[in-house]
2 protein chains.
Amino acid sequence: MARAERLAQDLSLQFTTLRRRTLEVVAEEGRPLGAYDIAERLSAPGKRVAAVSVYRALDFLTEHGLVHRIASRNAFVPCEHGHGAGESAVFLICRSCGSVDETISAEIERSLDHTLAQAGFKPASRIVEIEGECGACQGRQEEG
Amino acid sequence: MARAERLAQDLSLQFTTLRRRTLEVVAEEGRPLGAYDIAERLSAPGKRVAAVSVYRALDFLTEHGLVHRIASRNAFVPCEHGHGAGESAVFLICRSCGSVDETISAEIERSLDHTLAQAGFKPASRIVEIEGECGACQGRQEEG
DNA sequence: GTCTTGCCTGTTACAGTGTAACGATCGGCG
DNA sequence: CGCCGATCGTTACACTGTAACAGGCAAGAC
Ligand SMILES: [Zn+2]
Ligand SMILES: [Zn+2]
Ligand SMILES: [Zn+2]
Ligand SMILES: [Zn+2]
């Protein structure tokens, strides 16, 4: 990810090997990965990476917007947008193939802001996760 | 909850003591409760309720729309609406007081449907959870 | 009545998820 | 050099959730 590299220069020292490799592993996989799965992929014979280290790396990466946590799956995906400020994402999670698509919709953003303002609620973070079936899997199912 | 009682008659046999008491405990608390917290509240000296039983009761209650699971907290709240069919809720979770407010917005529903249709995604369940500060806590903070 | 069946519950055991605490290591700085 | 801050390794532990199996109980069949 080029965006990560750019950010890396800003925080020069902060983007350590473990954090970089954690991001790489998450980005290479096409589906959400659990922290323990990541630890396993980062481990080599004789060089084991503990899950707690992965959690710390993931904390760093999520704080800087490089990965997202999927609350309904206890898993992590790379950010594919580089959204600014309070811009939040909508995650489309396919129950068949397990893929996660991250989209941004100004329309949803607006209607959420509207509802929150009406309720007098000051938002800090937003979680919008939709489970269902992605377009590809729908087509596959109709054929088979 | 009257709604629960009404449903109880439909499923007469199904609404057992354990399930009823689980719903009561969740409804009495003003904030999301974890399954183990519920088990603790249901337990009496000499009569311990295991967490696994609570999970089964919660499965039943969520399937029938009497309680909701808060994915970002691994906790459960009573449903306060009795929403029909695919109508999904928006949860406003206060970081200060821990309260959860359940609201329904047709506007959000519409914009979500629109975005999903555009992406060719067939939704099955929706999770919308906003963390932030509720109106009451904002007022309290400004004073103190 | 008794037997079988299905559903709910109890119990144990275990897998998966996440954090606290402490120590070692490394780099920068006086 | 010694100090300080941040990162990382290691251990231990708490919390969340499920699988598997056995007992209880009500309802219907014989
Ligand atoms: Zn993103
Ligand atoms: Zn799919
Ligand atoms: Zn509800
Ligand atoms: Zn509050």
Run the salt-bridge test on B/R73 and B/E129 with the 4.0 Å N-O cut-off and return the result as yes or no.
no
Heavy atoms only, 4.0 Å cut-off, all strands: where does A/R69 land among base, sugar-phosphate and nothing?
sugar-phosphate
Rounded to the nearest 0.5 angstrom, the CZ-CD1 distance for B/R31 and B/I93 is 13.0 Å
Per side-chain contact (heavy atoms from CB on, under 4.5 Å), A/T22 is matched among A/T16, A/L66, A/L42, A/V67 by A/L42
Value in whole Å for how far the P atom of D/dG17 lies from CZ of B/R73:
14 Å
Toward the 5' end of DNA chain C, by each residue's nearest nucleotide, B/L18 or B/N74
B/L18
About how many Å separate CD of B/Q118 and OG1 of A/T103, when rounded to the nearest 0.5 Å?
9.0 Å
Working to the nearest 0.5 angstrom, can you tell me the gap between A/E131 CD and A/L92 CG?
11.0 Å
Return the orientation label for the A/H83 and A/H81 ring planes: parallel under 30°, perpendicular over 60°, tilted otherwise.
perpendicular
With under 30° as parallel and over 60° as perpendicular, where do the rings of A/Y36 and A/Y55 fit, or are they tilted in between?
perpendicular
Starting at atom CD of B/Q14, determine the distance to atom C1' of D/dA26, rounded to an integer number of angstrom.
12 Å
Below 4.0 angstrom, which residues in residues 36-59 of chain A have at least one non-hydrogen atom near DNA chain C?
A/Y36, A/V52, A/Y55, A/R56
Is any side-chain N of the basic residue among A/E109 and A/R126 closer than 4.0 Å to the acidic one's carboxylate O?
yes
Along DNA chain C, first and last positions that approach a heavy atom of chain A under 4.0 Å
C/dT17 to C/dA21
